[in-house]
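The chains referred to below are lettered A, B, ... by the order of the sequence lines, with proteins before strands, and numbering in each begins at 1. Note that this is a predicted model, so its numbers are computed, not measured.
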Amino acid sequence: MEKLLREKTAHIVNNLYGINFSDLDITVNQTSKEFVGDFTVVIFPFVKIARKKPEEIGKEIGDALQKEIPEIDSYNVVKGFVNFKLKNEFWNNFLLNASSENYFSLPSTHKKIMVEYAGPNTNKPLHLGHIRNIFIGYSVSEILKAAGNEVVKVNIYNDRGIHICKSMLAYEKYSNNETPKSKGIKGDHLVGDFYVKFDQELKIQIAGLMLKGMSEEEAKKNAPLNIEVKEMLLKWEAGDAEVRARWEMMNGWVYEGFEETYQLIGCDFNKHYKESDTYLLGKNIVEEGLSKNVFYKRPDGAVCVDLTSDGLDEKVLMRSDGTSVYITQDLGTADLRYQDFEPDQMIYTVANEQDYHFKVLKLVTQKLGKKYADGINHLSYGMVDLPTGRMKSREGTVVDADDLIEEMIRTAKEQTLALGKTENFSEAEAEKLYYELGMGALKFFILKVDPRKRMIFNPEESIDFHGFTGPFIQYTYARIQSVKRKAGNNFKSSTPVVKANDSELQLLMQLYLYTNTIKEAAMNLDPALLANHIYFIAKSFNSFYAENSITQAETEELKNFRLLLSDLTGSVIKRGMKLLGIEVPERM
RNA sequence: GGUCCGGUAGCUCAGGGGAUAGAGCAACAGCCUUCUAAGCUGUGGGUCAUUGGUUCGAUUCCAAUCCGGAUCACCA
């Protein structure tokens, strides 16, 4: 309807005033609530050209549009705004159409989009930063699917390098060969403990050396642990059997731990890539770049690319000793992924601290003339900070993912029990509900914020279950299901001819705008748009619910209409929340 | 220092050229013998960081300044 209004208005204005506006030049808004109407055309832009008063123009446009668009019931002009009110039939028809099975399946874009998300290191457990990453990456993937794209979800494991060796070395030195099983903790946590242990022991060594008169820099260089860990990395690269075996074992523990957390979170992947598999591929690309004269070799042997003409710097792509750096393996990974799936677009869900890195990646692949280069897209999200600033693992301020999830579920349980909501639930049903509510609260808390912005999480304040939250929406859904049960699930999709009241219209409008939001969320890679919209739908429903009786409506026809409206609201909420990765309960 | 991102109510966040700037939390006042009160209705709370500009109109766009953050490795 907005599109139709824009097109018709442009047409009318062009004829009437001899200008040349396209539909994109026309502003159509929702009518703001203090005026009568559903949609509003802004006519200020024509005032100057038409040399008439806004009120006059408004009347001319209003008359013309009313003639051309049969769904328009009436209009009014206020200053430079023409407010159009749509006929009951329009909303009745919408309700019927939207209640049919395939209303919400948007046409295929014939595009294949790859989304990378998660991307953890295999030396410590997942934390709140990963949680935001995973929620965003998963939700963006689902939204893209809903908008008609084929989506491939991939993960990348940073599973090799000096930081991985640190936990391995600490394990070798300080463990009693314990295993996740023997200690009864998750594998990623066990490995993470040794990563921390390495740092602690290293600090002691450095302090000791400094007491003997070394400078801090010297002490760091000469600390036995630092020397040993470098030796271990060399052994790893050389394929030393013992080191590789320990690496396989410890990474195996970590993957098991991660898998458990993924399951709890409810995310999934089509394929996991490992940097240990791709870092060597990057070297082929470096060779390719050299032969194409896109890269050059410095006298010291390091391979570089000059990006100064693009406003960046000279960037090293391979060390003088021939080993690969971070960007090298990303070049290899991108190439492999394109061979694997041939996506039209590759979206990297990575925090904004790596903006520079992805600029370089895109530029370098473009310079190499890679087919996929233009499709590289960095979904750069803001980091999660504490009120005191950045989370720091060394200061122990990192919010652990498993702990946080557990706490959310526990809080959900407490609050639900306090309200006595689960008195006639079976044990399994109740546990499922606590899980859905706890995760719903957490996911919504994260996803309602614009991904691009940094956000603050205060561990002192528990995440809310009231107001603009996941549980509020889940509650709304459960309420709707309850009403439907009370009505014996007995309502027909026959043509309702009902003059909707204000709260019904408000709800219909929100439901009507839903598919727009999906398209916009997909275009902007922004689940927050969807989260906000679902909240408005739930809020509109609750107002409607408070003001109107559904099962006791004055007439059968009205009852049927309201049941149909409630049912549609429920299905849109369920559908939308699914795209955020949030389940909705039938009862709560 | 260069580049990029941000600054909106006490707090957490929407709005990104259009009408009197919105939610939630927190505070206060109402609403359960009627479909689930994790709800609904209302009240108070704002120099949209500052200063200039662009125009019919700027919280929104541009510039400068201030404040916060990120980044500019042969680390990942």
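- Rounded to a whole angstrom, the distance from the P atom of U59(B) to that of U36(B) is 47 Å.
- Residue I327(A) holds its CD1 atom at 6.5 Å from NZ of K315(A), rounded to the nearest 0.5 Å.
- Residue contacts shown for T323(A) are absent, as no nucleic acid heavy atom lies under 4.0 Å away.
- Side-chain atoms of K539(A) lie closest to C40(B) of the nucleotides U20(B), U36(B), C40(B).
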N/O to N/O distances under 3.5 Å, protein versus nucleotides 10-14 of chain B:
from   : atom 1 : to      : atom 2 : distance (Å)
C13(B) : OP1    : I456(A) : N      : 2.8
A14(B) : OP1    : D450(A) : N      : 2.7
A14(B) : OP2    : K453(A) : NZ     : 3.2

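- Between A302(A) and P45(A), the residue anchored nearer the 5' end of RNA chain B, judged by the nucleotide with its closest heavy atom, is P45(A).
- The side chain of S482(A) contributes an N or O atom lying less than 4.0 Å from OP1 or OP2 of U36(B).
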Dot-bracket notation for RNA chain B is requested: 5' to 3', Watson-Crick or G-U wobble pairs only, both distances under 3.5 Å, with ( ), [ ], | and . as defined.
((((((((.[[[[.)..(...]]]].(((((.......))))).....[[[[[..)....]]]]])))))))....

Applying side-chain contact (heavy atoms from CB on, under 4.5 Å) to H533(A) and L529(A), what does each step give before you reach the verdict?
CA-CA 6 Å; H533(A) 191 116; L529(A) 293 174; over 6 Å; no

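- Contact between the side-chain N/O atoms of R390(A) and the OP1/OP2 oxygens of A70(B) is found at a separation under 4.0 Å.
- For U54(B) and G10(B), the C1' atoms lie 36 Å apart once the distance is rounded to whole Å.
- Between the side-chain ring of F81(A) and the base of A19(B), a stacking contact exists by the 5.5 Å and 30° definition.
- When each of G301(A) and F472(A) is assigned the nucleotide of RNA chain B bearing its nearest heavy atom, the one mapping closer to the 5' terminus is F472(A).
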Go through the steps for I57(A) and F44(A) under the test side-chain contact (heavy atoms from CB on, under 4.5 Å), then give the verdict.
CA-CA 9 Å; I57(A) 299 170; F44(A) 288 112; over 6 Å; no

Apply side-chain contact (heavy atoms from CB on, under 4.5 Å) to the pair L363(A) and L312(A), showing each step before the final yes or no.
CA-CA 10 Å; L363(A) 265 174; L312(A) 305 181; 3.6 Å; yes

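- Residue contacts for R298(A): at a heavy-atom cut-off of 4.0 Å it reaches a base atom on one of the strands shown.
- Side-chain atoms of K421(A) lie closest to U36(B) of the nucleotides U36(B), C72(B), G24(B).
- N548(A) comes within 4.0 angstrom of a base, heavy atoms only.
- Within a 6.0 Å sphere centred on CD of E216(A), other residues, nucleotides and ligands contribute 12 heavy atoms or fewer.
- In this structure, N352(A) atom CG and C72(B) atom P are separated by 12 Å, rounded to whole Å.
- Of the P atoms belonging to A29(B) and C61(B), the separation is 41 Å, rounded to the nearest Å.
- Here F44(A) does not count as stacked on G57(B), because the ring centres are not under 5.5 angstrom apart with planes under 30°.
- Side-chain N/O atoms of S543(A) include one lying less than 4.0 angstrom from OP1 or OP2 on U41(B).
- Of the C1' atoms belonging to G15(B) and A58(B), the separation is 14 Å, rounded to the nearest Å.
- Applying the salt bridge (Lys or Arg N to Asp or Glu O under 4.0 Å) test to every pair with at least one member in residues 408-423 of chain A, sequence neighbours left out, gives these pairs: K413(A)-E431(A).
- Electrostatic pairing of D567(A) and K484(A) counts as a salt bridge here, judged by a charged N lying under 4.0 Å from a carboxylate O.
- Distances shorter than 4.0 Å separate none of the side-chain N or O atoms of R479(A) from OP1 or OP2 on A38(B).
- Between F444(A) and F468(A), the gap from one ring centroid to the other is short of 6.0 Å.
- For Y356(A) and C5(B), the OH to P distance is 16 Å, given to the nearest whole Å.
- Heavy atoms of other residues, nucleotides or ligands lying less than 6.0 angstrom from CD of E34(A) number more than 12.
- D159(A) comes within 4.0 angstrom of nothing in the nucleic acid, heavy atoms only.
- The phosphate of A19(B) (OP1 or OP2) has no side-chain N or O of K79(A) nearer than 4.0 angstrom.
- Dashed line: the shortest gap from a side-chain N or O of K33(A) to OP1 or OP2 of U20(B) is not under 4.0 Å.
- Within the 4.0 Å cut-off from OP1 or OP2 of A76(B), not a single side-chain nitrogen or oxygen of H357(A) is found.
- E275(A) comes within 4.0 angstrom of sugar-phosphate atoms only, judged by non-hydrogen atoms across all strands, and of no base.
- Taking the six-membered ring wherever Trp is involved, the centroid distance between the rings of F472(A) and H466(A) does not fall below 6.0 Å.
- G44(B) and U3(B) are spaced 44 Å apart, taking the C1' atom of each and rounding to whole Å.
- C32(B): glycosidic angle within 90° of 0, hence syn.
- Among the nucleotides A76(B), C35(B), A38(B), the one closest to any side-chain atom of N158(A) is A76(B).
- Ring orientation note: the planes of H272(A) and Y157(A) are close to parallel, at an angle under 30° on the 30°/60° scale.
- The same atom, P, is picked in G45(B) and in G7(B); the two are 24 Å apart, to the nearest Å.
- Residue T40(A) is classed as a base contact, given a heavy-atom separation below 4.0 Å to a base.
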